[in-house]
**Q** 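For reference, the structure I am asking about is given below.
Chain letters run A, B, ... following the sequence lines, proteins first and then strands; every chain starts at 1.
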Amino acid sequence: MTKHVIYCIFAVCVSMGLLLLMIGMADSVPNAGGQPHAEHPGMVIGADGAARLAHIGSLAFMFNSLLLTLVVGLCVLGVSERYRSRKFLAGMGGSWLFMLMIWWMMFSTHQEFLLTGETDYFMGFPVPTAWQMYGTWLGAIPLIVMYSYGFRTFIYTREDEAEFDALLEQAARNSQQN
Amino acid sequence: MEAYRQEIIVGSVVIYMLFCVATGLWAMRRTRDSSDFFVAGRGLGPIVIALALFSSTLSGFGFVGGPGLVYSIGVSSFWMVVISSTGYAVGFFLVAKRIRMIAELRDCLSLPDVVAARYGSDAVRFLIALTIVLGVMGYLATQILAMAVVMQAILSGTETFANVGLVSCVVISSAVLIFYCVTGGIIASVYTDVVQGFIMMSAGSLILMTAVSVFDGGMQEATAIILADDSEAIMPFGSAGVMASLGWFFVFGLGLAGQPHLITKMMMNKKMSDNRSILPMSLFGYVMAALLWISIGIVMRAAVIDGIVEPLALPDDAASTFLSIFANPLLAGVVFAGLFAAIMSTSDAFLNIGTAAIIHDIPTALRGRSVENELLWARVVTVLLAIVAAGFALYSHYADATLVALLGAFGWGTFAASIFPVVAVGLNWRGATVAGAVTAISAALLINFVVQLSSIVPPYGISGPLVAFVTSMILFIGVSLITKQPELAPDIEDVLRI
């Protein structure tokens with residue numbers, strides 16, 4: 001099934017390209033990239049967050065969802081086909097869902113704030129920002145755990161090591177003959 | 001102690017620079033050939049690699065430009081930092097194993113060597129080497145200028161050295177950098193990176209503690225002040241908006257695996273199995289050091305809005321103003337040494353890969369072999385490269401910033417767009433073709449150049465590097481799919497299968 005993961009990666013990249021095009025062609029909003037602070041030179045303000053997301057909010061949400069899919073797809077591509085077991089794919093699927101969940105929480109709590117103007121705080125930051133700050137950082141930890149703890153199972157097994165050592169010996173023999 | 005603040009800061013920086021010189025002398029005895037000079041004989045341990053990896057990732061930009069960006073555009077710039085876990089994960093999954101295998105199997109000295117072995121193409125080797133040289137010039141010039149500007153700012157606070165000019169500062173800082181890079185090559189570079197890494201981690205964690213104590217209510221009070229002033233600045237996408245933020249996520253996150261000065265270090269570890277510990281250690285180091293970026297920026301924005309601190313003349317003054325107002329002199333000394341460490345650790349990595357591209361990769365691509373006596377030429381070109389970059393830096397400062405700005409466009413984003421598909425994807429997909437690689441690299445260079453030259457500003461904060469990266473990924477895979485599948489060398493076929 002994962003033999004054709006490159007096609008999925010390609011499809012995701014093309015979709016992201018199309019989304020960029022749609023965002024680029026969407027109705028523009030003045031100062032969508034920020035505007036100078038009225039009192040403090042050098043500072044930029046975002047002003048009306050709801051207006052800035054009005055035409056592109058859902059497109060941007062899809063763009064990042066695809067980006068997270070691309071991240072996981074690339075990690076799958078980085079593992080030899082023979083080690084893409086059900087256990088490995090389940091881990092990757094779980095990591096993907098975990099990252100999507102964090103992204104959804106960040107996006108939806110921000111939307112909620114734009115509607116109500118109220119927010120709680122978590123460890124020093126407004127809740128939507130805490131999802132971004134701590135959540136995004138933690139979002140890829142399952143991938144790192146899979147790499148480190150699964151190193152000898154998925155990444156570079158003892159058999160791989162033996163095979164590579166044999167390759168090196170062969171290369172050494174070849175260079176001696178030449 | 002407060003009376004000796006400036007002396008303590010100058011003393012810390014001088015001690016740090018003396019350490020760099022001593023490391024260069026020590027490493028010189030261990031550098032016997034070009035393999036030692038460029039890839040440390042592939043004999044480095046996991047802690048050395050981990051610290052070298054993260055300290056090269058976080059350049060002087062992280063210590064000066066980073067807090068300045070948070071001050072200026074709020075949380076938008078967090079996206080450059082919080083993606084580190086994703087970036088390192090993707091980099092290790094895609095690159096760490098196979099680049100190390102090909103490097104050992106084919107005795108590669110540089111990234112273009114690895115690429116040439118993978119694709120069996122000198123055209124791809126040449127394009128990657130060219131991208132590296134262009135990028136290195138821009139990066140090095142800006143790093144050297146930053147180092148000189150900071151040095152001048154520090155010295156201007158003392159009585160004895162108050163009148164030392166910028167040119168002298170460029171000469172002094174470049175001389176130290178050149179000395180340890182020339183004498184000890186990559187061995188000196190990575191061992192200074194180790195100490196540089198420790199200094200940066202200490203600076204990051206100590207600054208966080210200081211920043212939290214500025215307001216009685218801690219970080220929450222600071223963020224509440226910003227929220228009351230402009231809520232978007234402290235919301236997840238910051239003042240620059242959602243697409244600017246997500247663009248940074250893409251370019252800085254995935255792009256990490258396309259940075260030649262970082263992935264070259266993945267060729268240097270002694271044992272492949274060390275990668276399992278290098279990944280979490282690098283990430284931990286980066287997170288600790290990056291605390292400085294976030295905490296100073298937030299606190300300074302809140303402090304200015306609240307009227308505790310006068311508005312800054314420039315956003316980039318955020319870190320130095322914070323240190324002069326809130327930090328203990330000893331901590332300020334550590335952070336300034338950390339700043340030099342951050343700049344030098346990135347600069348030495350660029351000097352090394354730039355030199356390799358000039359004396360090894362481009363000659364090999366053009367005439368089939370490298371120069372004679374590589375070690376000697378490596379040392380000569382390292383000096384010349386640093387001098388030319390220092391010249392660019394001064395020219396940019398005094399005469400015309402366009403040239404360096406243009407070369408600066410060949411920075412992180414261009415490396416990401418040009419190198420990521422060809423290396424990170426190409427090392428894991430045997431269907432990748434020379435035509436795909438050449439098209440992707442050319443398109444990435446072209447788009448970045450055009451966007452920079454024409455000053456095009458895409459809507460909603462979409463950046464040129466983002467467009468270039470997405471385009472190069474599509475072209476790399478698309479063109480590879482429609483062109484003839486390559487015949488790979490048997491050993492490369494085996495490496496791609498393992």
**Q** Can you tell me which residue among A:Y147, A:Y156, A:F154 is in a ring pair (Phe, Tyr, Trp, His ring centres under 6.0 Å) with B:F92?
**A** A:Y147

**Q** Closer than 3.5 angstrom, by distance alone: can the side chain of B:K97 be matched with the main-chain N or O of B:M272 as a donor-acceptor pair?
**A**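 No, the answer is negative, given that no donor and acceptor are paired below the 3.5 Å cut-off.
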
**Q** Quick one: what part of B:V212 sits under 4.5 Å from any heavy atom of chain A, side chain, backbone, both or neither?
**A** neither

**Q** Heavy-atom distances under 4.5 Å only: say whether B:I474 touches chain A with side chain, backbone, both or neither.
**A** both

**Q** Is it the side chain or the backbone of B:D230 that comes within 4.5 Å of chain A heavy atoms, both, or neither?
**A**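 Side chain only.
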
**Q** With only heavy atoms counted, which part of A:T119 is less than 4.5 Å from chain B, the side chain, the backbone, both or neither?
**A**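 Contact with chain B involves the side chain of A:T119 alone.
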
**Q** With a 4.5 angstrom heavy-atom cut-off, is it the side chain or the backbone of B:V242 that approaches chain A, or both, or neither?
**A**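 Only the side chain of B:V242 comes within 4.5 Å of chain A.
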
**Q** Measure B:S273 against the heavy atoms of chain A and call it side chain, backbone, both or neither at under 4.5 Å.
**A** both

**Q** Non-hydrogen atoms of chain A under 4.5 Å away: do they reach the side chain of B:I234, the backbone, both or neither?
**A** both

**Q** Is it the backbone or the side chain of B:F420 that comes under 4.5 Å from a heavy atom of chain A, or both, or neither?
**A** side chain

**Q** Side chain from CB out, backbone as N, CA, C, O: work out which of these in B:I305 comes under 4.5 Å of a heavy atom of chain A, or both, or neither.
**A**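 The answer is both parts of B:I305.
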
**Q** Where does A:A171 contact chain B at under 4.5 Å (heavy atoms): side chain, backbone, both or neither?
**A** side chain

**Q** Is B:I226 in contact with chain A via its backbone, its side chain, both, or neither, using a 4.5 Å heavy-atom distance?
**A**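 Nothing of B:I226, per the 4.5 Å heavy-atom cut-off to chain A.
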
**Q** Sort A:F10 into side chain, backbone, both or neither according to what part of it lies under 4.5 angstrom from a heavy atom of chain B.
**A**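 Both parts, backbone and side chain.
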
**Q** I'd like to know if B:R98 and B:E104 make a salt bridge, using a cut-off of under 4.0 Å between side-chain N and carboxylate O.
**A**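 Here B:R98 does not pair with B:E104 in a salt bridge, since their nearest N and O are not under 4.0 Å apart.
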
**Q** Side chain, backbone, both or neither: which part of A:L70 has a non-hydrogen atom closer than 4.5 Å to chain B?
**A** side chain

**Q** Using heavy-atom distances under 4.5 Å, tell me whether B:I294 contacts chain A through its side chain, its backbone, both, or neither.
**A**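 Only the side chain of B:I294 comes within 4.5 Å of chain A.
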
